[in-house]
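Beneath this line is the structure, given in structure tokens, with notes to follow.
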Amino acid sequence: MSDPILSAEGLTRIFRVRHKERMQDLHAVAGVDLALHAGQTLGIVGESGCGKTTLNRMLLMLDQPSAGTVRFRGRPCNTLDAAGKRAFRRAVQPVFQNPFSSLDPRMRVGRIIAEPLSTIPGLSRAEIDSRVAEVLEAVGLRATDARRFPNEFSGGQRQRIAIARAIASRPEVLMLDEPVSSQDISIRAQILNILKDLQEENGLACVFISHDLATVRFMADEVIVMYLGRPVERGTAEAICTRPAHPYTKALLAAALPPDPDAAPPELPPQGELPSPLDPPQGCPYHTRCPLRMEICASHRPAMLAASHGGVAACHLLEPEAAHVA
Amino acid sequence: QGDELIIALSTFSEETMVPWAGSGQRKTYLDLVYEYLTYIDPDTRETVPGLAESWEASEDGRRWTFHLREGVQFAGGHGEMTSADVAYSIERFIRDDSRAGPSSVLRRAIASVETPDERTVVVTLNTPDHELAQGYFGASQQLGIVSKAYFDAVGEAAAEADPIGTGPYRLERIASGSEIVMTLRDDVGDHWRARPEFSRVVFRVVPEESTRVAMLRTGEADIAPIGFDSIPTVRDAGLRIVSAPATWSPVVRFGGLVQTSQERYNPDAPWARREVRQALNYAVDKQEIIDALFQGEATIAASDTPVPAWESVEPYPYDPERARALLAEAGYPNGFDVTIRTFTTTPGAELPLMAEAVALYWQDIGVNVTIEPVDWPSLRSAWTEGRANDYVWTHRGFPFASAVNGLEAGFTASSLFASYTSPELEEMISAFSNEPDAARREALFTEIGQHLRDEAAAVFIALANEPYGVSDKVGDWDISTSYVWNFDQVGRAGN
Amino acid sequence: MQIPPAPLLEVRDLSVRLGAPDAPALIEGVNLSLRPGETLGLVGESGSGKTTLGMALMRLLPPLLDRGLSGQVIYDGRDVARMQPAELADIRGSEISMILQDPMASLNPVFSVGNQLKEGLRRHATAPGSLQERAIRALDDVRIPSPEARLASYPHQMSGGMRQRVVGAIALTRAPRLLIADEPTTSLDVTIQYQFLDLLKDLQARLGMAMLFITHDFGVVARMCDRVAVMYAGQIVEQGPVRDIFARPTHWYTRALLDSVPTVNTRLDRLPTIPGAPPTVAARPEGCRFHPRCANAQSRCRSAPPMQERRPGQSARCWFPLDSERTPA
Amino acid sequence: MVKVIATRTIEALIALLLMSIVIFLLSRLTGDPIALLLGDGATEADRQALARDLGLDRSLPAQYLGFLADVLRGDFGRSLTAGGQPALDLVLARLPASLSLAGVALVFTLVVGVLFGVAASIRRNGPVDVAARLVALVGQSVPSFWLGIVLMYVFAVKLGWLPTSGYGSWSHYVLPAATLGLFTLAAITRLVRSSMLEALGSEYIKLARVKGLPEAMVIWKHALANSLIPVITFMGTFFAVMITGAVIVETVFAWPGIGRLAYESILARDFPVVQAVVLVITALFILANLMVDVLYIVVDPRMRSRG
Amino acid sequence: MVQKILILRGARPKGPMPGMALWRQTGWPVRLALILLAVFMVAAIFGPWITPHDPMQGSLRARLVPPVWQEGGSWAHVFGTDRLGRDILSRLIAGARISLTVCVLAIAIAGTIGTAVGTIAGYFGGWTDRILMRLVDLALSFPVILLALLLGAIRGPSFANIIIVISLVLWSQYARMSRGETIKIRNEDYVDLARTSGLSDLRILWRHILPNIAPALIVIATLQVGIVIVLEASLSFLGVGVPPPAPSWGSMVADGRSYITSAWWLCMIPGIAILLTVMSVNLVGDALADRINPALRGRNL
Ligand SMILES: Nc1ncnc2c1ncn2[C@@H]1O[C@H](COP(=O)(O)OP(=O)(O)OP(=O)(O)O)[C@@H](O)[C@H]1O
Ligand SMILES: Nc1ncnc2c1ncn2[C@@H]1O[C@H](COP(=O)(O)OP(=O)(O)OP(=O)(O)O)[C@@H](O)[C@H]1O
Ligand SMILES: [Mg+2]
Ligand SMILES: [Mg+2]
């Protein structure tokens with residue numbers, strides 16, 4: 001396999017927050033490893049507050065990791081020089097969740113889309129204009145829309161504009177942080193299709209973040225499941241969605257209610273509440289909610305172990321000696 | 001309350017209750033408590049006996065003997081007034097920490113104070129003062145007599161809080177910034193001087209003039225100083241105006257005319273030339289200003305000080321033609337530019353307006369005026385420090401406490417407050433101060449006045465009255481002399 | 001054969017306009033009925049008027065819209081649409097209650113949970129026990145751990161899931177006979193949503209209440225509802241028993257919506273889509289509201305189709321209804 | 001809470017220190033009081049003696065440090081003009097009048113403003129709402145000195161219902177408090193009205209209605225509690241507005257307060273008094289803001305945990 | 001809610017000609033206010049060419065002439081004359097120019113400083129923010145009127161003083177507000193997106209933050225016009241405002257107050273001019289606020 005475009009090792013982000021009258025550490029992301037290869041889509045799923053956005057921001061160099069490194073084409077991002085940074089900015093572009101706050105309301109669509117191009121030296125006006133028109137058409141809008149303001153567009157159209165903007169500088173990586181979760185069902189499908197088409201046509205690599213396993217299944221090749229800032233399971237999308245190894249993944253699957261009144265009741269329905277990330281449980285972070293928890297879960301954090309589906313999962317149940325205990 | 005007289009004043013000044021602890025403005029209320037060695041007859045303007053029954057000065061004007069009145073009792077049973085009290089009052093008044101206006105002059109002047117007996121006080125001076133009795137020791141100044149015994153007994157702080165004097169009233173209370181209440185002494189019946197008709201006199205401080213006028217109209221005040229602007233309002237409301245005649249005089253002053261001082265003379269100013277100063281005097285229609293701004297409560301002035309001796313000096317008439325000619329003669333046919341600095345004080349709220357009026361007239365003869373409002377302390381600093389040599393400003397003159405001192409303060413280079421000097425004038429003043437003969441003095445004094453007028457030492461405008469609005473409750477009230485308000489002798493209407 | 005019980009709630013020709021009778025309508029010509037103990041799902045995309053309908057049933061619309069309310073809302077024989085404020089205060093909470101969408105915003109931030117809970121309890125005089133006991137019981141009913149301590153908490157001190165359960169507890173304090181739930185789980189995490197839905201089903205069974213369940217998620221409908229009504233652009237376009245709607249939707253919109261939802265079980269290369277976007281209130285098309293986006297639109301669709309029964313209990317607003325079986329994903 | 005107060009106090013002290021420097025420098029720049037204090041006919045020697053006497057001959061830093069050391073001992077110096085009374089005493093003597101006036105004005109504006117604002121928000125565009133908006137509009141547009149003079153003219157001179165001025169019985173409070181408070185009244189009315197409208201549209205009000213609470217309770221408990229928070233936020237500002245207004249109102253109505261004292265002592269270049277007044281006012285201001293912070297914590301539970 | 005309705009009516013919050021749009025969509029009070037403001041602006045801008053008399057020239061002979069509708073008034077002096085016989089209408093017109101100048105300068109200075117401080121504090125946060133905001137608090141806790149008096153005492157009443165003092169009163173509001181708005185906008189995704197496009201902080205501030213807080217700033221500026229006029233009048237009343245003989249409305253009221261019964265027009269006419277102008281400005285400001293940013297409404301002091 002080729003070298004990854006974007007990779008991360010031991011990526012950790014700790015926020016200092018005031019809690020109960022004192023400053024505390026909040027481990028928003030803890031020890032995430034990942035590698036993104038050209039043309040591949042990496043899905044990241046997890047519940048609210050599990051650190052998906054924080055991870056995304058670090059990968060985008062919008063936030064400094066507290067520990068660990070992000071590498072761009074093998075080079076640590078914090079060592080990039082000005083030219084390297086510019087290359088990074090060109091190559092890695094995001095689309096965020098909220099299409100209303102992603103577009104500056106005081107700028108015309110054309111300028112919004114041209115913004116990533118404005119930092120590329122040596123691009124003429126005409127070139128920029130034609131590129132803007134090109135990408136607008138690529139996302140299903142008209143070239144003439146460049147002259148309008150964002151508030152003249154619906155949510156779905158805005159998200160298309162955001163996508164157009166992201167692909168304007170011909171990036172290699174798209175970072176998609178819940179790009180459809182604020183969209184209506186009928187629009188959601190349109191956007192997902194566009195993203196998928198663009199990815200395939202341009203051989204883009206994508207990081208696709210979502211809390212919804214079904215959309216991840218649709219978009220991603222490989223999936224990382226996160227819980228309280230830590231990856232708990234990783235594998236192909238197919239494996240994760242059909243043969244999950246981690247109880248948390250199973251709970252997520254169970255909670256993703258199928259649109260079928262006669263669907264069988266889930267095997268492991270979710271229980272309990274998400275613990276506060278400010279005092280995460282000892283041992284396995286999921287043990288407070290896990291129906292299969294064992295004694296060891298409360299004291300030892302499981303390592304990433306090979307799972308039967310070919311991926312890995314952080315669960316004591318996967319330990320060889322645990323097999324007979326269970 | 002028919003028995004109460006309410007006087008709304010624009011300021012209490014320092015609100016302190018001993019004579020030496022502040023300005024003469026406090027005399028409005030202090031004079032109800034303290035009394036003076038001599039008084040002035042409002043009708044004849046003669047000096048009449050006060051706490052001193054009689055007095056005499058030595059030929060050279062350096063040794064003054066006062067014979068005190070007998071049987072004058074301090075309030076609150078603090079005993080009879082004696083020479084010890086007078087001597088104490090004088091000495092305390094000129095002590096280093098005295099804050100009274102004339103204290104520094106007196107400190108320099110007084111060599112010693114002796115009390116040969118209970119009823120006699122002898123004051124020896126370093127420099128001659130032929131007017132000590134009616135001047136610094138008189139009722140228009142600040143030397144109120146306090147009780148030495150009382151001070152010795154209770155100390156200064158307590159005496160300040162509960163001041164004791166020989167006057168007909170005693171302090172009841174001071175509400176800081178609000179009111180000062182005086183009540184009649186129990187033993188007032190046989191007071192040597194006053195026969196007060198109100199058992200309480202309440203002073204209220206009301207800085208805003210329109211509020212004072214409103215109080216007069218609602219009956220919340222019986223007497224209040226008002227501005228000239230308010231005179232029609234007060235009259236319209238059916239109230240009376242009582243004015244103290246010619247207590248101050250608005251004037252336009254020139255800087256840099258202290259010709260006998262290096263630092264304070266500015267020969268380059270256009271007004272360094274006498275013709276220019278005269279022209280500026282001729283240019284102003286003073287009567288119109290008096291009618292319009294002073295509501296007729298003033299007379300045209302030939303000087304910047306209300307002095308009886310100068311009443312005979314002829315003022316400059318309104319003659320713009322003459323003014324233009326003089327200007328041309330002085331080399332300013334097209335006029336020049338000048339800035340008039342102006343400020344307000346009490347009295348003197350009309351000064352800025354007067355400046356604007358003067359400006360209108362000067363503009364007529366080609367003198368271009370810019371008006372710059374300043375405040376009095378800044379101007380006063382600039383003036384006394386010799387930084388005002390190119391200033392022209394509105395000002396107000398007050399009656400002299402003593403002619404000699406007044407002249408020296410105003411017109412000799414030794415004074416920081418000199419506004420105009422010349423070698424000739426200084427000579428005249430020195431001759432005057434060394435002249436013991438009363439008649440000669442009078443003549444010299446008049447001559448000085450004439451000289452100041454001819455030289456146009458300033459632009460003289462008016463001798464202004466001090467108008468008071470007075471309610472129906474008030475009957476006879478005589479304030480014909482400056483600085484003596486006689487609030488303890490206000491009559492009741494119908495009496 | 002059992003005679004079906006009389007409807008608890010019957011909505012007839014309900015419209016909500018922006019004030020004046022000729023102003024644009026947010027919802028138009030809505031007919032619904034709900035029997036005791038039954039759950040009716042109301043699905044539709046954003047802006048289709050679901051919340052407006054829910055609020056109209058409780059007469060909680062802002063003044064302008066309340067003035068634009070027409071039609072009848074017969075609850076237990078009385079017309080809610082014509083009730084005076086005093087009567088409304090009477091039936092709110094005790095007869096009809098509601099759980100609002102946003103648990104963060106629906107609790108008053110400055111009062112403790114106990115305070116807000118007891119306010120409702122106090123008006124429910126018939127229940128046994130002291131106020132405190134009843135409050136604790138109410139929290140316990142919605143499975144809040146250590147309810148006694150929680151009474152003193154303020155909303156901001158609780159997680160979203162917990163808050164939503166408190167909102168549930170408050171809505172159910174007076175054992176209403178009808179509960180309107182307006183997207184009660186949209187802002188919750190999926191695992192929390194799952195549990196809350198469970199809880200709601202439980203409580204419903206226990207109290208025997210009827211429920212109008214508003215959502216945009218077909219998965220939730222499938223889990224919760226007996227019948228379902230699909231809203232589009234202010235109208236109900238299809239209505240029927242849940243199984244029938246999922247298996248054999250007759251309206252093209254219902255069908256297209258169901259198809260465009262990705263599922264975990266299968267991997268698709270492309271999702272079937274509906275072109276365009278739902279119209280805004282001001283720009284709703286004439287005729288069939290869906291026809292500009294409909295794959296099968298014909299000229300007839302420019303006139304408004306009536307709501308017509310297609311199968312027993314299932315009716316749709318379409319000139320050319322579908323008749324094929326849908327293969328569920 | 002304790003921590004909040006502690007940090008705020010420290011910040012306040014720093015602010016006071018800065019303020020003392022500013023005031024000190026400014027007052028020294030205003031020209032010196034000596035010329036005012038000197039009697040007519042004083043000589044250069046007199047001037048120097050007086051300067052030495054008052055400590056005005058030292059360098060500015062020396063003067064400031066001396067001043068600071070004294071202040072720390074609670075000694076603000078003695079008035080240069082008022083017969084050498086301790087400056088702080090003068091200020092404290094005037095403080096009650098100012099505080100009571102500001103207090104009356106604030107209570108009056110709070111009560112009326114909140115009632116008005118709430119009434120206006122209940123029936124938007126109804127008669128009360130129109131009246132409230134008019135009051136708010138006029139209140140924010142009329143210069144207080146003009147208002148004071150006009151009010152005095154109408155109610156004291158023409159109608160004779162109230163005294164024109166002075167300090168004493170309750171009736172003396174009416175006109176000055178109304179003049180001082182009108183601006184604040186307008187502000188509070190606007191604030192309450194707009195935040196009530198916001199609150200009344202909120203989800204928690206819907207929930208309160210869903211519960212079947214009577215409308216009065218919905219408004220006066222649920223909506224108002226939340227609408228008061230922005231009012232509290234602005235209380236500190238109101239206090240500043242009151243101080244500014246005090247200088248004018250106290251002058252117009254002959255009210256013996258510190259606003260007028262400040263004005264007069266500035267005119268008289270009475271530095272120690274100016275310094276004392278400004279520092280006392282600043283301290284009061286900071287105290288008021290501290291109280292606002294505490295009140296905030298009391299009213300808004302969200303603030304309690306945030307700290 | 002309001003926005004919802006506006007959108008429904010097809011009116012976008014941001015039209016091409018806000019002035020015209022404002023006119024079309026408001027009731028008569030705001031229209032009246034707009035007309036009054038137009039009159040004010042015309043007076044202020046064209047004052048020197050339209051005054052019937054020289055506002056500084058008078059004649060003591062024609063002093064205290066009552067306004068035309070009163071007995072003794074004449075069309076020569078529609079609003080009468082003052083104590084020095086100067087035409088009040090002319091002085092009102094000249095005063096409008098002064099008020100406008102003070103407003104424009106003070107608001108421009110305060111707005112520039114305040115916005116710079118606020119956006120920098122809001123954008124960079126952390127220590128910069130803390131220090132700058134403490135400074136704002138300090139400015140707020142300073143009894144500004146006393147500062148005005150001190151300054152007046154130091155340098156005499158002057159035009160520059162008023163502008164300094166009024167700017168000192170006003171700037172903190174811009175700072176607070178632009179900080180708040182900046183923080184809001186900084187958290188908008190498009191700012192992050194600008195960063196992922198490689199824009200520098202300064203360019204982001206200039207291209208994204210400033211244009212987006214501008215409407216709110218404009219609203220504040222409008223609402224502050226009223227404050228400036230009232231403040232200037234109050235300072236003039238205390239004798240530290242616009243130096244005479246320049247005809248500031250405030251000093252006209254202050255000078256005329258002794259005549260409230262004998263020549264009421266001296267203080268009532270300029271007083272009413274102040275009242276009407278400020279009311280108009282506030283009405284228009286509110287209307288603007290409603291359109292641009294309803295959240296600002298009622299939050300401005
Ligand atoms: N700037 C910050 N300061 C402090 N804590 C933060 C900050 N940003 C995020 N957090 C915390 O870090 C944790 C992870 O947040 P993050 O936004 O990455 O989660 P997420 O998975 O994206 O959630 P969601 O699904 O809600 O978007 C949360 O507990 C959040 O409160
Ligand atoms: N008070 C109002 N004034 C004007 N328009 C309104 C008002 N309330 C709602 N609307 C509009 O009415 C339409 C229906 O809104 P409603 O909130 O009922 O939709 P919904 O189906 O609940 O949407 P969502 O799924 O987003 O909650 C929307 O287009 C909305 O913009
Ligand atoms: Mg996120
Ligand atoms: Mg809704």
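So that the names make sense, note that chain A is the first sequence line, chain B the second, and so on, each numbered from 1. If you're wondering where the values come from, they're calculated on a predicted model, not measured in any experiment.
Of the residues considered (B:Asp96, B:Val213, B:Val205), B:Val205 shows the highest number of contacts with chain D, using heavy-atom pairs under 4.5 Å. Note on D:Pro163, D:Ala156, D:Gly148: by heavy-atom pairs under 4.5 Å with chain B, the leading option is D:Pro163. Contact count against chain D (heavy-atom pairs under 4.5 Å) is highest for B:Gly177 among B:Gly177, B:Gly219, B:Ser103.
Each of B:Val206, B:Leu216, B:Thr218 was scored for a side-chain contact (heavy atoms from CB on, under 4.5 Å) with D:Thr164, with one residue passing: B:Thr218.
Looking at D:Arg260, its side chain never comes within 3.5 Å of a backbone N or O of B:Pro207 through a donor-acceptor pair.
Within the model, atoms OG of B:Ser176 and CG of D:Leu95 stand 11.5 Å from one another, a figure rounded to the nearest 0.5 Å. Here the CZ atom belonging to B:Arg204 is positioned 7.5 Å from the OG atom belonging to D:Ser165, to the nearest 0.5 angstrom. Annotation: the span from B:Arg217 atom CZ to D:Lys158 atom NZ amounts to 5.5 Å, rounded to 0.5 Å.
For B:Thr211, the parts lying near chain D are the backbone and the side chain together; criterion is any non-hydrogen pair under 4.5 Å. Within the 4.5 angstrom heavy-atom criterion, no atom of D:Tyr263 approaches chain B.
When every heavy atom of D:Val157 is checked against every heavy atom of B:Ala214, the shortest pair comes out as CG2-CB, 3.5 Å.
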